[in-house]
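Notes to accompany the following structure.
All heavy atoms count here, side chains included; hydrogens, waters and symmetry mates do not. Indexing begins at 1, ligand by ligand and atom by atom, following the structure's order. Bear in mind that the values here come from a model prediction, so they are computed numbers and not experimental data.
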Amino acid sequence: MRLSNRISGIVGGGSDGWGVFYKARRMIAEGIPVTELTIGEHDIRTDPVILEAMHKAAMGGHTGYAMVPGTDRLRDAVASRIQARTGVPTTRDNIIITPGGQSALFASHHSVCDEGDTALFIDPYYATYPGSLRGVGAKAVPIKARAERHFQPDAADIAAKANGARSLLINSPNNPTGVVYSRETLEGIAGVCKDHDLWLISDEVYDTQVWQGEHISPRSLPDMAERTLVIGSMSKSHAMTGSRCGWICGSEAAIQKLIDLATSTTYGVAGFVQDAALFALNLGEAHEEKVAAPFRRRRALTLEALAGQNAVRAVPADGAMYVMLDIRATGMSGEEFALALLDQHRIAVMPGESFGAAAAGHIRVAMTIDNTRYVEALKTLISFANEKAK
Ligand code: PLP
């Protein structure tokens with residue numbers, strides 16, 4: 001039986017650079033020890049106090065159908081967190097709770113793109129982006145953020161592809177580059193969105209992981225609140241990846257329609273998960289900093305380890321749990337480098353090419369193992385690159 005073009009086209013053709021990741025996983029399954037610096041998941045688990053709140057909520061009976069838009073209390077808490085951090089007036093009517101940021105990305109594009117519409121996104125990109133856009137039937141069009149601009153997108157590059165497009169998806173702090181978009185970058189992006197009447201989908205799931213500079217939500221820029229949908233999540237900020245709890249923040253009109261969509265798709269998020277998320281948010285910024293602290297430390301360790309050599313250079317690693325390393329001095333592609341590093345040293349990193357053509361000649365290192373093993377792996381990686389660069 002024929003399946004829809006929408007679903008058949010989710011996975012694009014061609015090599016996507018994920019071969020290294022799957023090879024590392026095969027080696028591990030065969031009992032070969034591999035140091036994995038690949039996936040964006042904390043090396044800690046959800047804090048037991050949050051799990052206790054979840055348990056209490058479930059035992060207290062919050063196990064039936066929850067309210068589809070999210071519980072009033074969680075929507076209020078998310079709204080006041082956003083208002084406090086951005087200054088933009090925000091109420092529960094601007095918020096829908098979703099099963100994680102991923103479903104929020106899909107729902108946002110579903111709500112703004114019709115079949116065949118052009119949906120722009122920035123390359124390098126989080127691996128699921130093109131599939132999410134194609135999954136709603138949109139034409140996914142990448143815009144390169146250039147390495148020589150430290151992967152800060154250029155408004156002129158976006159404008160060049162914006163005619164007739166419906167939406168632009170951005171992500172800051174960025175996965176995979178670790179770059180935090182500057183005010184200038186975001187003002188440029190906002191200008192293009194207004195000039196070309198684009199929706200802006202702003203993926204801010206790493207908003208609590210900023211090591212340098214500040215996180216600016218483009219919804220707070222002049223005249224942007226009506227055309228911006230912000231994606232948030234408990235996954236990265238509270239180490240709650242498995243709980244599947246995120247949100248979309250947007251205009252009341254957009255959120256109302258997104259609630260209609262949720263009613264006919266997810267039918268909401270488990271009530272006991274929402275209660276745990278509320279408890280977690282109420283732990284305040286100190287808890288968010290506690291979850292972010294290991295990455296802040298490892299980012300500093302990375303910069304120390306890289307000092308005094310030129311074969312590997314860090315892209316300004318200002319946020320998120322990754323560092324993007326420029327290994328072009330070795331003369332190898334990101335994929336060649338990552339494969340050779342895996343074969344010779346049993347260290348798995350992601351080739352930049354897995355995240356789009358703009359990241360060719362780079363590798364992404366996830367700072368997601370303990371400090372000692374992390375520094376050891378990084379030193380091996382650096383001396384390997386220095387040998388190759390000779
Ligand atoms: N956006 C970005 C940039 C990510 O890196 C991720 C996960 O790695 C997500 C969204 C989705 O996160 P979740 O669905 O767990 O909220």
Side-chain angles (χ1 to χ4, degrees), residues 18 21 36-46 50 70 74 78 81 95-110 119 121-133 135-136 140 142 145 151 153 167-181 200-210 215 217-218 229-249 262 265-266 269-270 273-274 276-277 280-281 288 291-292 295 317-324 350 352 354-356 358-359 364-368:
W18 280 72
F21 174 75
E36 275 195 291
L37 303 172
T38 48
I39 286 294
E41 177 131 39
H42 317 68
D43 47 327
I44 53 163
R45 300 281 93 181
T46 307
I50 299 174
L74 182 57
V78 170
R81 179 179 187 263
I95 306 292
I96 178 171
I97 305 299
T98 62
Q102 185 57 53
S103 80
L105 281 162
F106 182 88
S108 297
H109 284 90
H110 197 75
F121 66 107
I122 306 294
D123 169 2
Y125 51 84
Y126 171 47
T128 67
Y129 279 3
S132 299
L133 310 194
V136 306
F151 295 113
S167 60
L168 168 65
L169 169 59
I170 63 168
N171 169 224
S172 175
N174 187 268
N175 175 12
T177 61
V179 167
V180 176
Y181 289 0
L200 181 62
I201 318 287
S202 178
D203 178 346
E204 302 180 20
V205 302
Y206 292 99
D207 65 345
T208 60
Q209 298 182 2
V210 178
H215 168 66
S217 175
L229 297 175
V230 175
I231 311 295
S233 172
M234 298 299 291
S235 288
K236 313 292 177 175
S237 56
H238 292 78
M240 290 180 70
T241 48
S243 292
R244 313 310 302 136
C245 190
W247 56 82
I248 305 169
C249 172
T265 52
T266 61
V269 173
V273 168
Q274 295 194 61
L281 288 178
E288 295 176 2
V291 174
F295 306 119
D318 294 340
M321 50 177 80
Y322 317 96
V323 281
M324 185 68 110
M350 293 300 293
S354 327
F355 308 102
R364 189 194 74 172
V365 174
M367 303 184 284
T368 47

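- Residue Arg244 approaches ligand 1 through these ligand atoms, each under 4.0 Å from one of its heavy atoms: 13 (P), 14 (O), 15 (O).
- The single protein non-hydrogen atom nearest to atom 15 (O) of ligand 1 is Ser235 OG, 2.6 Å, given as residue, atom name and distance.
- In terms of polar-atom proximity, defined here as any N/O pair under 3.5 Å, Gly40 makes no such contact with ligand 1.
- Atom 11 (C) of ligand 1 has Gln102 N, 3.9 Å as its closest protein atom, hydrogens excluded (heavy atom only).
- Judged purely by distance below 3.5 Å, without hydrogens or angles, the side chains of Gln102 and Ser132 pair a donor atom with an acceptor atom.
- Proximity of the aromatic rings of His215 and Tyr206 is defined here by a centroid distance below 6.0 angstrom, and this criterion is not met.
- Checking only distances, Asp203 does come within under 3.5 Å of ligand 1, N or O to N or O.
- Exactly one residue among Thr266, Ile231, Ile248 makes a side-chain contact (heavy atoms from CB on, under 4.5 Å) with Thr98. That residue is Ile248.
- Ring-plane geometry between Phe106 and His110 is classed as parallel, the angle between the planes falling under 30 degrees on a 0 to 90 degree scale with a further cut at 60.
- In this structure, atom 8 (O) of ligand 1 lies nearest to the protein heavy atom Lys236 NZ, 2.7 Å.
- Of the options Ile39, Thr38, Val365, Leu37, a side-chain contact (heavy atoms from CB on, under 4.5 Å) to Met350 is made by Thr38 and by none of the others.
- A 4.5 Å side-chain heavy-atom check between Pro173 and Met321 finds every atom pair outside the cut-off.
- For ligand 1, none of its N or O atoms has an N or O atom of Tyr129 under 3.5 Å away.
- For the 3.5 Å distance criterion, the side chains of Glu41 and Thr241 qualify, holding a donor opposite an acceptor.
- In summary, the atoms of ligand 1 found under 4.0 Å from a heavy atom of Asn171, numbered by their order in the structure, are 3 (C).
- Atoms of ligand 1 lying under 4.0 Å from at least one heavy atom of Ser233, given by number and element, are 13 (P), 16 (O).
- Heavy-atom proximity to atom 4 (C) of ligand 1, evaluated over Tyr126, Trp247, Tyr322, is greatest for Tyr126.
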